[in-house]
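Both counts, for ligands and for their atoms, begin at 1 and track the order of listing.
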Amino acid sequence: MTLPVAVLVSGSGSNLQAILDRIEAGRIDARITAVLSNRADAQGLVRAAAHGIPALALPHGDYPDRTAYDAALLAAVRQSGAEAVVLAGFMRILGPDFVAAYRDRILNIHPALLPSFPGVRGPADAAAYGVAIAGATVHFVDEKMDNGPIVIQAAVPARPDDDAAALAARILAFEHRIYPQALAWLASGRLTLDGRKTRLAPAAIPPADMADAGPCLVNPPLEQGF
Ligand code: GRF
């Protein structure tokens, strides 16, 4: 059954776009019910509207506190009919009521190899630290920031002359592959949680081949089409 998903964005929405493209290519059995943003000027809202998807700005400054904002966001997500939630560059922490309402059905992407470099400066912190391998992580969301069980990670090389922007761009290219892949797995019911471990069931029809990740390591491996 096609999974109805709400996507939350704060900015460009390039991950939203990657997901939309894979849905439209028939690679993900999901339907985006709404795109919501805490910023009215988020480019992600424009991308959603261009695909005929309801796009709604819910500026957090319009609400007296976090609890009120969380309740409004949850109401809008529920109203859309979503059964799962994808955070695609959403720069707010979801409150406990929201997480409880969609427990184990919220995904986030973080531009670092968690648990290293959590927080909003992931690629900048990794570049400043001088890591040789950086990356991205898709994980389930729990009450703590950048903390829930990991679904998939991509490791990409970092170079000594990388600044934050260069490293972030190299990571982002892989975000656009692993996030649609993770959502495809969630939508097809292949993910189960066992404490902190995420288990991936084999595909009903085994993919003919794995996708080529080039010089990067992606685990679990990307399947054909991602
Ligand atoms: C991505 O790097 C994502 O990992 C981080 O915020 C950025 C969002 O980019 N959480 P976009 O809005 O999807 O283009």
Side-chain angles (χ1 to χ4, degrees), residues 5-24 28 30 32 34-51 53 55-60 73 84-94 98-99 106-129 131 133-142 144-158 162-184 186 216 218 222 226:
V5 180
V7 181
L8 276 49
V9 302
S10 295
S12 149
S14 68
N15 278 290
L16 163 69
Q17 188 68 56
I19 287 168
L20 275 168
D21 292 346
R22 292 305 205 289
I23 289 176
E24 290 176 2
I28 307 175
I32 299 183
V35 172
L36 310 170
S37 177
N38 64 313
R39 294 183 55 110
D41 61 351
Q43 178 68 16
L45 293 174
V46 178
R47 294 182 195 265
H51 287 257
I53 294 166
L56 180 65
L58 281 176
H60 53 274
L73 198 59
V85 180
V86 162
L87 307 185
F90 186 62
M91 304 305 281
R92 306 278 304 172
I93 295 175
L94 294 179
F98 194 120
V99 173
I106 310 172
L107 293 177
N108 182 44
I109 191 156
H110 181 70
L113 287 175
L114 291 173
S116 292
F117 308 114
V120 294
R121 287 175 38 86
D125 289 345
Y129 192 93
V131 299
I133 296 177
T137 304
V138 178
H139 64 93
F140 284 101
V141 170
D142 64 12
K144 296 185 195 153
M145 187 177 65
D146 299 331
N147 182 72
I150 289 168
V151 177
I152 184 171
Q153 293 186 301
V156 308
D162 277 342
D163 59 11
L167 186 55
R170 198 173 308 122
I171 293 168
L172 189 63
F174 266 84
E175 294 184 42
H176 296 162
R177 297 180 70 183
I178 65 172
Y179 215 177
Q181 173 72 88
L183 181 58
L186 182 75
C216 303
V218 180
L222 290 165
F226 291 93

Colleague: Quick check: closest heavy atoms across V99 and V141, and the distance to 0.1 Å?
Modeller: CG1-O, 4.0 Å

Colleague: Measure the distance from atom 5 (C) of ligand 1 to every protein heavy atom, then report the residue, atom name and distance (to 0.1 Å) of the closest one.
Modeller: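 I find the closest protein heavy atom is P111 CD, 4.0 Å.
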
Colleague: Counting only heavy atoms not in R39, do more than 12 sit closer than 6.0 Å to its CZ atom?
Modeller: no

Colleague: Locate the shortest heavy-atom distance separating A182 from I152; write the atom from each residue and the value.
Modeller: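 Nearest pair, atom of A182 first, then I152: CB-CG2, 4.0 Å.
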
Colleague: Write out the residue and atom name of the closest protein heavy atom to atom 10 (N) of ligand 1, then the distance separating them to 0.1 Å.
Modeller: I109 O, 3.3 Å

Colleague: Tell me whether G13 has any N or O atom under 3.5 angstrom from an N or O of ligand 1.
Modeller: yes

Colleague: So for V9, does at least one of its heavy atoms come nearer than 4.0 angstrom to any atom of ligand 1?
Modeller: no

Colleague: Between H176, R47, Q43, E175, flag the one that comes closest to atom 3 (C) of ligand 1 by a heavy atom.
Modeller: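 That would be E175.
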
Colleague: List the closest protein heavy-atom neighbour of atom 9 (O) of ligand 1: residue, atom name, distance to the nearest 0.1 Å.
Modeller: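 The closest heavy atom on the protein side is N15 ND2, 3.9 Å.
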
Colleague: Closest heavy-atom contact between L45 and A40?
Modeller: CD1-O, 3.7 Å

Colleague: List every atom of ligand 1 that sits less than 4.0 Å from any heavy atom of G89, numbering the atoms from 1 in the order shown and giving each element.
Modeller: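 It comes down to these atoms of ligand 1: 6 (O), 8 (C), 10 (N).
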
Colleague: When you measure from atom 14 (O) of ligand 1 to every protein heavy atom, which one gives the shortest distance, and what is it?
Modeller: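 Of every protein heavy atom, S14 OG, 2.5 Å lies nearest to atom 14 (O) of ligand 1.
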
Colleague: Could you please spell out the steps behind the side-chain contact (heavy atoms from CB on, under 4.5 Å) verdict for L87 and L94?
Modeller: CA-CA 10 Å; L87 307 185; L94 294 179; 4.0 Å; yes

Colleague: Where do P180 and E175 come nearest, in terms of heavy atoms and distance?
Modeller: CD-O, 3.8 Å

